[in-house]
Amino acid sequence: MPGQGHALDGSKLLDRVQVAIAVELGRAALSVKEMRALRQGQVIALDQRVGEPLVIYANGLKLAHGEVVAIGDGERYGIRITGLAGEAEAETEPQQEAAE
């Protein structure tokens, strides 16, 4: 083999892979006309109710549910995992759900 270097350790290699985490606060459907009429200060009502668990996605796949928490001095938000998504849930991507 060229170089005769050390073999790559697959688990260490995978541990360095970056995964994008996104938290969905809720959804709303607006027409283009309604979107064009939006102005600073307006409120868009979402389908999520206060107190319901938020959905956490990893690279677009549903990973878990959680709740918002304040971190440190309260100037940053975090998300506390309250439950992991089931296998059937994890296969549903947010883009597919929005289309339904």
Side-chain angles (χ1 to χ4, degrees):
M1 285 194 275
Q4 296 295 322
H6 296 274
L8 290 177
D9 180 354
S11 64
K12 288 183 181 179
L13 189 61
L14 284 176
D15 285 346
R16 296 189 316 219
V17 173
Q18 294 290 311
V19 176
I21 301 294
V23 178
E24 184 175 277
L25 184 59
R27 296 176 183 207
L30 300 174
S31 68
V32 173
K33 180 179 179 180
E34 291 169 321
M35 285 185 4
R36 291 179 55 196
L38 289 174
R39 299 293 178 255
Q40 184 174 344
Q42 282 185 272
V43 175
I44 299 173
L46 303 175
D47 60 355
Q48 190 83 358
R49 297 176 84 65
V50 174
E52 286 183 347
L54 305 177
V55 181
I56 303 165
Y57 294 95
N59 282 354
L61 297 175
K62 191 181 290 185
L63 173 69
H65 297 118
E67 60 189 11
V68 175
V69 294
I71 296 179
D73 56 5
E75 290 189 18
R76 296 185 62 186
Y77 292 110
I79 189 92
R80 176 182 294 126
I81 307 266
T82 58
L84 298 177
E87 200 170 301
E89 277 186 303
E91 294 175 1
T92 306
E93 296 188 28
Q95 296 79 13
Q96 291 174 341
E97 290 177 0
E100 293 176 358

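Note on Val23: it clusters hydrophobically with Leu25, by side-chain heavy-atom contacts below 4.5 Å among ILVMFWY residues. One hydrophobic cluster holds both Leu84 and Val68 under the rule that ILVMFWY side chains link at heavy-atom gaps under 4.5 Å. Note on Tyr77 and Ile81: same hydrophobic cluster, where clusters join Ile, Leu, Val, Met, Phe, Trp and Tyr whose side-chain heavy atoms are under 4.5 Å apart, directly or indirectly.
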For a side chain to side chain contact (heavy atoms under 4.5 Å, CB included) check, start with the C-alpha distance between Glu24 and Leu54, then their side-chain angles and the critical distance, and finish with the verdict.
CA-CA 6 Å; Glu24 184 175 277; Leu54 305 177; over 6 Å; no
In residues 42-53, what donor-acceptor pairs under 3.5 Å come from side-chain atoms, sequence neighbours left out?
from  : atom 1 : to    : atom 2 : distance (Å)
Gln42 : OE1    : Arg39 : N      : 2.3
Asp47 : OD1    : Arg27 : N      : 2.8
Gln48 : NE2    : Pro53 : O      : 2.6
Glu52 : OE1    : Arg49 : N      : 3.2

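Residue pairs meeting the salt bridge (charged side-chain N to carboxylate O under 4.0 Å, His left out) criterion with at least one partner in residues 72-84, sequence neighbours excluded, are Glu67-Arg80. Sorted by first and then second residue, the side chain to side chain donor-acceptor pair (under 3.5 Å) pairs with a member in residues 10-21 read Asp9-Ser11; sequence neighbours excluded.
Cluster partners of Ile71 are absent, since no Ile, Leu, Val, Met, Phe, Trp or Tyr has side-chain heavy atoms less than 4.5 Å from it.
By the side chain to side chain contact (heavy atoms under 4.5 Å, CB included) test, Val19 pairs with Ile21, Ala58, Asn59, sequence neighbours left out.
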